[in-house]
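Here is the structure we will look at.
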Amino acid sequence: DQQVKQNSPSLSVQEGRISILNCDYTNSMFDYFLWYKKYPAEGPTFLISISSIKDKNEDGRFTVFLNKSAKHLSLHIVPSQPGDSAVYFCAASVGSGYSTLTFGKGTMLLVSP
Amino acid sequence: NAGVTQTPKFQVLKTGQSMTLQCAQDMNHNSMYWYRQDPGMGLRLIYYSASEGTTDKGEVPNGYNVSRLNKREFSLRLESAAPSQTSVYFCASNRLAGDSYEQYFGPGTRLTVT
């Protein structure tokens, strides 16, 4: 049973527009969420995180929104750039600190010029 | 500051052979992790070590063993490799900052078992 789901395997967006990547989770114990970006042949790179006590966290072009009642989070990238083309993974954990992460299967984002 | 390093980058094994994947971090992190990533799948946790001297099983531990050699190093061993273990393996360590944390990943080891 997949506890973290990214239902869109891929997303195509034009440069300058908004990219919205979605993630759903089933485990109500999850209280910390992270987004990672991964380029081919490289390890995942941390992008942004959010604790369940918040519903929004912003860092530059990246904003993560959390809707606890819907068990849904989304990553907004504005404006999208060709260099943002990568696979994006959503991950969740129970508690912060020395917890283990459960990852979604990823969404491949392609930003075209 | 190299972050998380992994060796080797690539490896081809025959079924039944053994090997050890090495991981080291120079960030003084307490927790370290081993994941595997297969096509169309997210990262799945194999083993982790919350602190030096402790190790615990993750989601897919069968066929693997680990050793937390010291605070810096966390190795993953395949005693008798099987084709199902063909995958990309990532090591990670945790940075805890207040009530938030990040996992830093190494560049990965691409393993093929024939």
Side-chain angles (χ1 to χ4, degrees), chain A residues 1-10 21 23-27 30-54 57-59 62 64 66 86-108, chain B residues 2-6 9-10 21 23 25 27 29-61 68 71 74 88-110:
Chain A
D1 178 34
Q2 233 189 319
Q3 298 187 66
V4 177
K5 298 177 185 177
Q6 294 178 256
N7 292 318
S8 298
S10 63
L21 296 107
C23 179
D24 298 293
Y25 61 96
T26 57
N27 187 344
F30 286 145
D31 58 2
Y32 195 76
F33 305 89
L34 305 88
W35 283 94
Y36 283 84
K37 177 167 83 171
K38 186 182 180 302
Y39 293 119
E42 292 185 11
T45 303
F46 171 78
L47 270 179
I48 192 168
S49 63
I50 188 167
S51 164
S52 61
I53 61 173
K54 298 181 178 179
N57 189 25
E58 197 170 349
D59 184 0
F62 302 94
V64 56
L66 176 61
V87 177
Y88 289 77
F89 290 101
C90 169
S93 72
V94 177
S96 61
Y98 306 116
S99 299
T100 61
L101 293 178
T102 300
F103 283 83
K105 292 186 177 181
T107 297
M108 180 177 292
Chain B
V4 179
T5 57
Q6 292 182 237
K9 283 189 168 50
F10 302 94
L21 283 66
C23 173
Q25 51 93 8
M27 297 174 282
H29 292 168
N30 284 322
S31 298
M32 297 184 73
Y33 305 78
W34 276 106
Y35 294 90
R36 60 179 288 174
Q37 188 196 8
D38 301 297
M41 303 286 286
L43 284 82
R44 292 183 293 168
L45 183 66
I46 304 171
Y47 270 94
Y48 68 102
S49 170
S51 61
E52 188 179 351
T54 69
T55 61
D56 285 286
K57 294 178 181 179
E59 181 185 353
V60 287
R68 183 74 183 268
K71 192 169 186 180
F74 188 38
V88 181
Y89 291 85
F90 292 101
C91 177
S93 67
N94 247 17
R95 181 183 84 96
L96 179 64
D99 63 353
S100 68
Y101 75 95
E102 305 168 15
Q103 280 197 4
Y104 290 83
F105 285 81
T109 295
R110 186 174 293 275

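Labels below follow one simple rule: chain letters A, B, ... track the order of the sequence lines, proteins then strands, and each chain is numbered from 1.
Inspection of the A/Gln2 and A/Tyr25 side chains reveals no N or O donor paired with an N or O acceptor under 3.5 Å. Looking at A/Lys38 and A/Tyr36, their side chains never bring a donor and an acceptor atom within 3.5 Å of each other.
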For a side chain to side chain contact (heavy atoms under 4.5 Å, CB included) check, start with the C-alpha distance between B/Tyr104 and B/Met27, then their side-chain angles and the critical distance, and finish with the verdict. CA-CA 10 Å; B/Tyr104 290 83; B/Met27 297 174 282; 4.0 Å; yes

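Neither the backbone nor the side chain of A/Ala91 comes within contact range of chain B, judged by heavy atoms closer than 4.5 Å. Residue contact with chain A, scored on non-hydrogen atoms closer than 4.5 Å, involves the side chain of B/Gln37 exclusively. Contact of B/Leu43 with chain A is made through backbone and side chain together, with heavy-atom distances under 4.5 Å. Heavy-atom distances place no part of A/Ile50 under 4.5 Å from chain B, backbone and side chain included.
Aromatic ring centroids of B/Tyr35 and A/Phe103 lie under 6.0 Å apart.
Contact check for B/Ser31 versus B/Tyr48: no side-chain heavy atoms found under the 4.5 Å cut-off.
The choice from A/Cys90, A/Gly104, A/Pro44 that makes the most heavy-atom pairs within less than 4.5 Å of chain B is A/Pro44.
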